[in-house]
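Contents: one structure, followed by commentary.
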Amino acid sequence: MDDTAPGTFRDPDLPMPDRVADLLSRLTRAEKIALLHQHQAPVPRLRIDKFRTGTEALHGVAWLGPATAFPQAVGLGATWDPDLVRRVGAAVGDEVRAFHHKDPDAVGLNVWAPVVNPLRDPRWGRNEEGYAEDPWLTGVLGTAYAAGLRGDHPVYLRTAPTLKHFLGYNNETDRDRTSSDLPPRVLHEYELPAFRAPIAAGAAVAVMASYNLVNGRPAHLSPLIAGELRTWTTDDVLVVGDAGAVTNIADSQRYHPDHVAGFGAALRAGIDCFTEDDDRAGPTIERITEALERGLVDESDVDTAVRHILAIRLRLGEFDPPARNPYAAVTADVVNCPAHQRLARDAARRSVVLLQNHGDLLPLRPQQTVAVLGPLGDTVLADWYSGTLPYAVTARAGLADRLGPDAVRFAEGVDRITLRTTAGPVQAGPDGEPLRIGDGTGTGFDVVDWGAGTVTLRAVDSGRYVRADETGALVDDRPGPGEWIVRETFEPVRCGTGTLLRHVAADRYVRVGDDGVLRAAAATPEEGSPFVVDLVTDGIEAAVAVARAADVAVVVLGNHPMVGGRETEDRADLALPPTQEALLRAVHAVNPRTVLVLTSSYPYAVGWAHDHLPAVLWTAHGGQEYGSALADVLLGGTPDGEPVEPTGRLPQTWYRADADLPDLLDYDIVGSDATYLYFRGTPLYPFGHGLGYTRFAYRDLRLSADTVDADGQVEISVDVVNVGDRPGEEVVQFYTRQRRSRVKQPLRRLRGFRRVRLAPGERATVSLPLRAADLAFFDVNSDRPVVESARHTVAVGRSCTDLTATTTLTVRGDTVAPRDPATVAVRAAGRDDEYATVLTDEGPEHGDAVTAVRDGAWLSFAGVEIGAGIRRATLRAAAPAGGTRVELRLRDPLSGPVAAVFEVPATPARHTWTEVTAALTGPAGVHDLYLTLGSAGATVSALAFVGSAADPAGKGTSTQ
């Protein structure tokens with residue numbers, strides 16, 4: 001082939017597969033391998049420029065300089081407004097294009113957004129990055145954002161959106177070493193749908209694998225990449241690795257013996273692009289090359305990955321004349337343009353959720369004086385992926401702009417202190433010099449409590465935050481926490497002679513050196529220097545004085561997105577920081593007209609506020625227009641006089657206490673009664689909750705038919721009337737519940753919603769189509785979705801628990817047959833219930849099994865048929881040294897009749913199995929069976945009855 005020829009890959013009129021094939025054929029093996037790294041090398045002989053993946057665009061362009069900053073993703077989730085989310089995605093996509101236009105080498109067009117992990121647990125440190133705890137709603141909003149990023153051109157991509165993080169990723173604690181147990185129903189009903197929707201719609205074109213393991217296997221090696229993800233579309237899907245994650249396979253995860261084997265396994269599993277070693281591609285190239293030489297991968301594996309990469313680059317228009325690509329001409333003028341500023345304000349406004357409003361305290365009257373109080377009252381905080389805010393409107397500034405500066409008074413409500421030792425007071429040095437013991441008056445420090453015993457210290461004179469630098473010296477040279485390693489947080493620790501300061505990141509205590517400099521260098525409390533803390537200003541008293549003199553107090557509390565719950569750090573509980581809670585109570589005691597504005601990345605358990613305050617609102621950190629949007633909502637209108645309703649709805653459950661939650665690492669939402677789908681308690685505020693300033697009534701809920709076949713559809717309709725005295729917007733939510741089933745069903749499940757805006761007295765009919773196929777559950781025996789014959793409650797209302805009307809739909813579907821191990825092996829991973837077990841990998845590439853984590857563990861299987869004449873059973877199992885006994889029991893795992901006993905010998909190595917056959921006793925018929933695993937370390941894969949077509953190895957029936 002003549003490589004000097006233009007190449008048909010540059011002909012924009014040819015079909016895309018032909019262009020990809022042509023370009024692939026022109027590349028040498030070395031050139032192809034070099035394309036597998038995040039920073040892809042140029043190919044000068046083909047006039048191909050370098051390319052990089054991974055521009056961050058979660059809710060604005062990040063890390064590239066000032067750009068429009070929209071609300072956090074969980075705030076966009078609270079809008080329940082796919083059209084708005086799509087427009088935000090389009091704006092962000094245009095700004096990515098503008099940065100790329102300015103510097104194509106530094107700014108890539110493959111964007112790492114959106115995050116579509118369902119928000120299973122509100123303690124997850126990255127809760128702010130997702131949209132909702134409901135997988136369907138997450139899929140809808142993720143599709144909307146990705147569609148905006150992608151653009152609507154039939155050929156060209158505005159950007160190439162990448163879904164994060166595949167799969168089962170909701171914990172930061174030991175995130176690269178923990179395994180997320182995803183039983184088949186949780187996998188297919190909860191985890192996969194949120195990813196499937198944007199891929200199937202063509203909105204997202206790439207996916208990032210997650211750091212964790214799934215059922216004992218690194219997510220970067222998951223067979224679900226090929227077995228599920230790539231089956232949802234006929235288009236090429238680019239799969240990228242998370243930063244350093246493929247290296248983890250041989251390092252922290254110890255799944256393969258060396259990096260060559262780990263990289264080769266990742267390539268075989270479907271990782272196309274390796275995000276390793278920053279911009280240094282050399283190690284990746286060397287490891288893939290050696291994997292080829294060792295026969296761990298074939299060149300066809302390399303070709304497959306490169307084909308996916310090239311397809312995306314071609315769709316981005318890289319090799320086409322700019323005039324053909326409508327997105328190529330986007331310039332810097334679009335960045336933070338007036339239209340994007342207006343969109344940021346609208347998005348921030350629509351993300352505000354009114355949680356309660358007793359006595360109609362809100363909206364505020366314009367003539368009132370307002371005390372804005374709290375550590376978040378006059379600041380706008382950014383998270384790791386927020387980017388650089390071009391400007392920021394705080395709550396104080398937003399209200400002062402509307403009411404006038406004289407009508408708004410402010411107090412931060414934090415203590416001001418000085419520190420001293422017996423040698424003298426602590427003083428901040430000039431121009432960021434280290435803190436040291438000096439003479440005369442000590443430097444004042446403002447102490448902000450962020451919860452979990454963690455505080456920040458802000459030097460009064462400079463306004464900068466104290467941190468421990470890389471040498472351990474304490475300096476005041478930062479505008480606030482904002483780096484990957486947070487060096488600005490301290491834990492005060494009381495000791496007999498004063499207070500010690502533990503530097504959180506370094507886990508070192510502050511010690512005064514012989515030179516008088518404060519350093520975080522003491523390994524033990526005994527080596528630390530005790531300080532005397534002198535209170536200069538009582539923050540709560542100062543706030544109370546301001547609140548007492550105002551008509552209304554607006555207390556703005558919440559989290560710092562870089563402290564106490566962020567990437568790499570989960571929350572331990574749901575409590576407000578103690579000092580913030582004390583401030584709130586003290587303010588309310590002197591001014592009952594107190595409004596709590598929670599500005600946070602996640603829910604809090606604010607039971608006291610719920611019981612005592614007249615008004616509570618929540619908003620995620622809202623970006624540059626946060627304060628203006630909040631003022632619009634609090635005052636019930638825009639500066640132009642347009643009425644404003646709080647239209648946000650909660651995208652996740654707010655619990656009364658963290659005791660309502662299962663263990664953070666328990667991903668089995670079915671077994672643990674987790675999320676709004678299965679939670680049996682009473683939430684503080686339910687999923688879907690949100691109030692407005694007017695009232696709506698629901699009347700005449702009806703179905704187009706009261707019976708439907710499994711492949712049919714019905715129309716749900718309800719009349720909605722605005723019975724208040726203001727125009728308003730209602731989010732009409734539709735839920736269903738299956739009344740009887742062979743398996744445990746959700747207590748309620750969101751099926752859709754509609755927005756309706758009505759004037760006072762106005763009525764509208766709101767309708768939603770419901771497909772019977774959407775009522776299916778995943779049947780582990782047949783390994784497919786099944787619609788049962790059953791009656792379903794159809795409900796409509798304002799939240800998942802505030803359902804104002806119900807009716808009944810009868811579905812004519814399947815009658816799920818009992819499990820029949822004589823026909824299809826019963827997979828251990830498909831158990832209905834369990835005790836003291838974890839899911840594990842059956843083999844390095846495919847299959848799931850179950851391992852006992854303590855003696856006496858068991859698995860249950862409901863409705864298993866023992867056929868007449870079946871007298872033997874086979875168990876596929878593995879055992880630790882010394883072997884183990886596994887019993888098959890009827891009715892009860894401990895006291896039920898024993899139907900079979902399997903003596904499992906020790907197996908020599910991981911992923912080796914033995915098949916043990918035992919006599920089967922007990923009456924024929926349908927029974928609930930239990931496998932009791934005799935000792936910790938016993939592992940089972942499949943159970944079959946002998947003398948049948950059953951396959952004990954379960955080939956073809958694995959959930960992965």
Chi angles and distances behind the side-chain hydrogen bond (donor to acceptor under 3.5 Å, both in side chains) call for Glu191, Tyr667
CA-CA 10 Å; Glu191 292 287 344; Tyr667 280 74; over 6 Å; no
With a 4.0 Å cut-off, would you call Glu569 and Arg123 a salt bridge?
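Salt bridge absent between Glu569 and Arg123.
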Flag the pair Arg307 and Asp303 as a salt bridge only when some basic side-chain nitrogen lies within less than 4.0 angstrom of an acidic carboxylate oxygen.
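Looking at Asp303 together with Arg307, the answer is no, because their closest N to O distance does not fall below 4.0 Å.
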Please enumerate all residues that pass side-chain hydrogen bond (donor to acceptor under 3.5 Å, both in side chains) together with Ser180, with sequence neighbours excluded.
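By the side-chain hydrogen bond (donor to acceptor under 3.5 Å, both in side chains) rule, Ser180 matches Asn212.
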Checking [X] side chain against [Y] main chain: does a donor-acceptor pair fall under 3.5 Å?
| X | Y | result |
| --- | --- | --- |
| Asp833 | Gly671 | no |
| Arg217 | His846 | yes |
| Thr138 | Ala132 | yes |
| Asn110 | Ala160 | yes |
| His100 | Gly108 | no |
| Asp383 | Glu128 | no |
| Thr231 | Glu228 | yes |
| His220 | Ile271 | no |
| Arg268 | Leu296 | yes |
| Thr162 | Trp112 | no |

With sequence neighbours left out, write down each residue that passes side chain to side chain contact (heavy atoms under 4.5 Å, CB included) with Leu665, or none if nothing qualifies.
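Applying side chain to side chain contact (heavy atoms under 4.5 Å, CB included) to Leu665 gives Asn171, Thr178, Asp663.
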The criterion is side chain to side chain contact (heavy atoms under 4.5 Å, CB included); which residues satisfy it with Asp279, sequence neighbours excluded?
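Per chain and number, Asp279 pairs via side chain to side chain contact (heavy atoms under 4.5 Å, CB included) with His39.
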I want to check a possible cation-pi pair here: Arg819 against Phe861, using under 6.0 Å from ring centre and within 45° of the ring axis as the test.
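Not flagged: Arg819 not positioned over aromatic ring of Phe861.
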Charged tip of Arg566 within 45° of Trp484 ring normal and under 6.0 Å
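Verdict for Trp484: a cation-pi partner in Arg566.
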Shortest non-hydrogen contact from [X] toward [Y]:
| X | Y | result |
| --- | --- | --- |
| Ala776 | Pro785 | CB-CB, 4.0 Å |
| Leu27 | Leu35 | CD1-CD1, 3.7 Å |
| Phe9 | Leu46 | CZ-O, 4.2 Å |
| Pro135 | Glu189 | CG-O, 3.8 Å |
| His37 | Thr284 | CD2-OG1, 3.4 Å |
| Asp176 | Leu213 | O-CD1, 3.8 Å |

Have a look at Thr159 and tell me which of Val92, Val96, Thr55 forms a side-chain contact (heavy atoms from CB on, under 4.5 Å) with it.
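With Thr159 as partner, side-chain contact (heavy atoms from CB on, under 4.5 Å) holds for just one option, Val96.
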Only one of Val214, Asp242, Asn117, Val115 forms a side-chain contact (heavy atoms from CB on, under 4.5 Å) with Tyr169, so which one is it?
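Option passing the side-chain contact (heavy atoms from CB on, under 4.5 Å) with Tyr169: Asn117.
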State whether a side-chain donor-acceptor pair under 3.5 Å links [X] with [Y].
| X | Y | value |
| --- | --- | --- |
| Ser601 | Asn127 | no |
| Tyr255 | Asp841 | yes |
| Arg313 | Gln40 | yes |
| Asp301 | Thr304 | no |
| Glu842 | Ser941 | yes |
| Glu567 | Tyr385 | yes |
| Glu834 | Thr837 | yes |
| Gln38 | Thr275 | no |
| Asn170 | Asp121 | no |
| Tyr211 | Asn248 | no |

If I take atom [atom1] from residue [X] and atom [atom2] from residue [Y], how far apart are they, to the nearest 0.5 angstrom?
| X | Y | atom1 | atom2 | value |
| --- | --- | --- | --- | --- |
| Glu133 | Leu750 | CD | CG | 10.5 Å |
| Leu141 | Asp134 | CG | CG | 9.5 Å |
| Leu36 | His308 | CG | NE2 | 12.0 Å |
| Leu187 | Leu182 | CG | CG | 6.0 Å |

With sequence neighbours excluded, give me every side chain to side chain donor-acceptor pair (under 3.5 Å) pair touching residues 139-157.
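Qualifying pairs, neighbours excluded: Tyr156-Asp320.
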Return yes when atom CZ of Arg294 has more than 12 non-hydrogen atoms of other residues, nucleotides or ligands closer than 6.0 Å, and no otherwise.
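Yes, because the 6.0 Å sphere around CZ of Arg294 holds more than 12 heavy atoms from other groups.
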Any idea how His165 and Trp124 line up, ring-wise: parallel (<30°), tilted (30 to 60°), or perpendicular (>60°)?
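His165 vs Trp124 ring planes: perpendicular.
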Criterion salt bridge (Lys or Arg N to Asp or Glu O under 4.0 Å) on Arg230 and Asp235, from CA distance to verdict:
CA-CA 9 Å; Arg230 296 197 188 279; Asp235 294 333; over 6 Å; no
Start with the C-alpha distance between Asp22 and Arg19, add both sets of side-chain angles, then the distance that settles salt bridge (Lys or Arg N to Asp or Glu O under 4.0 Å), and finish with yes or no.
CA-CA 5 Å; Asp22 175 69; Arg19 300 177 66 190; over 6 Å; no
Run the numbers on Thr568 and Glu172 for side-chain hydrogen bond (donor to acceptor under 3.5 Å, both in side chains), then give the verdict.
CA-CA 5 Å; Thr568 73; Glu172 299 304 294; 5.7 Å; no
Glu276 vs Arg287, test: salt bridge (Lys or Arg N to Asp or Glu O under 4.0 Å). Steps then yes/no.
CA-CA 11 Å; Glu276 305 289 325; Arg287 290 162 182 169; 5.5 Å; no
Which residue pairs satisfy the ring pair (Phe, Tyr, Trp, His ring centres under 6.0 Å) criterion with at least one member in residues 260-301, sequence neighbours excluded?
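Matches after skipping sequence neighbours: Phe263-Phe274.
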Could you tabulate the donor-acceptor pairs under 3.5 Å formed by side-chain atoms of residues 194-205, not counting sequence neighbours?
none

